[in-house]
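Here's the structure, in structure tokens; my notes come after.
Predicted model, so just to flag it, every value in this text is computed and none were measured.
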Number of protein chains: 2
Amino acid sequence: MNIIEKITNEFDTFSKSERKVAEVILASPATVIHASIASLAKQAKISEPTVNRFCRRLDTKGYPDFKLHLAQSLANGTPYVNRHVDENDTAEEYTTKIFESTIANLEMARKSLDTNMINRAVDVLTQANKISFFGLGASAVVAHDAQNKFFRFNVPVIYFDDVLMQRMSSINSTQGDVVVLFSHTGRTKPLVEVAHIARENDAIVIGVTDANTPLAKECNIVLSPTVSEDTDLYMPMASRIAQLTLVDILATGFTLRRGSKFRDNLKKVKDSLRSSRFERKE
Amino acid sequence: MNIIEKITNEFDTFSKSERKVAEVILASPATVIHASIASLAKQAKISEPTVNRFCRRLDTKGYPDFKLHLAQSLANGTPYVNRHVDENDTAEEYTTKIFESTIANLEMARKSLDTNMINRAVDVLTQANKISFFGLGASAVVAHDAQNKFFRFNVPVIYFDDVLMQRMSSINSTQGDVVVLFSHTGRTKPLVEVAHIARENDAIVIGVTDANTPLAKECNIVLSPTVSEDTDLYMPMASRIAQLTLVDILATGFTLRRGSKFRDNLKKVKDSLRSSRFERKE
DNA sequence: AACACAATGAAAATAAATTACATTTAAGCT
DNA sequence: AGCTTAAATGTAATTTATTTTCATTGTGTT
């Protein structure tokens, strides 16, 4: 989608001249959108047709169309998006890159979420007798966080990161119970089974996972915050941040639905923590 | 700035023909950015120079430049602000607001972090014999996540969200051990005590918390991702997302420091999960 | 070294946008 | 109303920009 990212990603597959153009473009994309093909060619010290070919290679109709894409990429909030961490990066560099790519992925997740589904999920959650949050690995962290949030609402909340406990808990679920399952891949076998068991026992199952995955198929409601895969370091990064933001959204929807009296209750929970803290002296 | 808004605002001051162009553009701006001046003129049933004059009237250099502005306006989905969730917001509205404020807070956190401190923290972590991650409440979630990440590095990692276990664990720490404490407020008494105990036993203590707090004072290294307080709904939201991003950064720094051979190891850990998943059929 | 093929550039051809100028339209004034 | 004038719009010519065609250069292979 984002053409600057695309150039960065495909840089290695470019020919010598194409790289020259790419370098000039990446160096100052904002200048390029106001340049003619002739001036860009001159800057990159290659011919005009090469620039044109470069544009077509990136699936644009030609140079003017390419500039349009470039302009849009630049406008897209975060300019230098999703740059990959490099072996020799300084702390300064990888810090910036990780923040930028996290932000870019949140943008992406925001666009991918279906607010109708969020609305339905909030409906279901507000009417639940009991809410269970399950996940494994990195997604267990998200479930843990959800528990921490929803626990404050004075609703029966369950959280397990142990497969057996998740299964046992689902077997005991009944109508009126809601089970929320977190899984980035949507292919974790034990979790798919938990979803199945929960549905057999009349619980409503909400999946925070990719659409069109085995897990998604077992769910009543699917929420898919899509991010560009976190391949960088073989660790889930952006995906769980997106999931956590979704938890915030569900929790917010929940409190809004419950009305203002209910929010006083939240304040009480927070205030109850005060005695365990050192006072602020200001 | 935004040219679509500008057209809407100045619509009343346009001449008859200019309004025709404006109408066509506003009806489907996305189409216009791919149209030539000729085709736009034809659609609006006016002449080409009139289109050109229209563009100049809006302070652009000409038609191509106008299209560039238009393209950017279209892409500009997110004006970054920290808008607060309102009682009567729709799902659409509060979803957008939460994403926007999360993003804005990440920007803020990025600026507030001291990369020298990050570098020192990474130094310390790479040399640790044993790493402990402790937190309470919402920060327990962050500690949990850190465990999940660092565990993959084949380093002894400890995580507890139970105060007593945290204390016992700290009492047993020795030189070469690193204790990482997460706390948004930096005023949680039990955690400050844990920090104190750990230091008395020669462990290095890294605090992910606000500077100038009781906890910060007990730490060898302090990392403070500052966010605007999450007062909205009496729940930690942005703060923990910022802390999690910091965990990503530390983990990334760790793997970079350990070199490329080490990264193969990570891949192995990830691959080992494969058998527990449903295959992708593509 | 010779061949094949991809990459590049020069020049011609095409397409697009802009300018100059003519014509129309509308507004103001007697 | 009818004349005058200025603004608005359109036509056609010009200029500019982009794309295509085709020749040339470079690169890797047998």
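- Distance A:Asp65 CG to C:dA16 P: 13 Å, rounded to the nearest Å.
- Side-chain contact between B:Asp123 and B:Arg257 is present, with at least one heavy-atom pair separated by less than 4.5 Å.
- Side chain of B:Thr60 to main chain of B:Asp65: no donor-acceptor pair is present (N/O by atom type, distance under 3.5 Å, no hydrogens or angles).
- Within residues 40-51 of chain B, the residues approached by DNA chain D to less than 4.0 Å at the level of any non-hydrogen atom are B:Ile46, B:Ser47, B:Pro49, B:Thr50, in residue-number order.
- A straight line from CZ of A:Arg53 to P of C:dT8 spans 8 Å, rounded to a whole angstrom.
- Whole-Å rounding puts the B:Tyr63 OH to D:dA17 C1' distance at 15 Å.
- Checking the phosphate oxygens (OP1, OP2) of D:dT9, a side-chain nitrogen or oxygen of B:Ser17 falls inside 4.0 Å.
- In this structure, A:Tyr63 has its ring center no closer than 6.0 Å to that of A:Phe54.
- By the 30° and 60° cut-offs, the orientation of the rings of A:His34 relative to B:His69 is tilted.
- If you measure from atom CZ of A:Phe54 to atom C1' of C:dA7, you get 15 Å, rounded to the nearest angstrom.
- Rounded to whole angstrom, the span from the CG atom of A:Asn52 across to the C1' atom of D:dT20 amounts to 9 Å.
- Note: CD (A:Glu18) to P (C:dA7) measures 7 Å, nearest angstrom.
- Atom pair B:His34:NE2 and C:dA15:P shows a separation of 19 Å (rounding to whole Å applied).
- Nearest nucleotide to the side chain of B:Ser36, out of C:dA16, D:dT9, D:dT18: C:dA16.
- In this structure, B:Glu18 and B:Ser15 have side chains that are in contact, with non-hydrogen atoms separated by less than 4.5 Å.
- Judged by distance alone, the side chain of B:Thr115 and the main-chain N or O of B:Ile118 form no donor-acceptor pair under 3.5 Å.
- Contacts between residues 55-62 of chain A and DNA chain D, defined by a heavy-atom separation under 4.0 Å, are made by A:Arg56, A:Gly62.
- For B:Lys16 and C:dT25, the shortest distance from a side-chain N or O to OP1 or OP2 is not below 4.0 Å.
- Taking atom CG of residue A:Leu68 and atom P of nucleotide D:dT18, one finds them 12 Å apart after rounding to whole Å.
- Dashed line: the shortest gap from a side-chain N or O of A:Ser15 to OP1 or OP2 of C:dT8 is under 4.0 Å.
- At a threshold of 4.0 Å, the pair B:Arg240-A:Asp248 counts as salt-bridged, since one of the basic side-chain nitrogens sits closer than that to a carboxylate oxygen.
- A salt bridge links B:Glu107 with B:Arg110; the closest basic N to acidic carboxylate O contact falls under 4.0 Å.
- If you take CG on A:Asn105 and OG on A:Ser112, they are separated by 10.0 Å, rounding to the nearest 0.5 Å.
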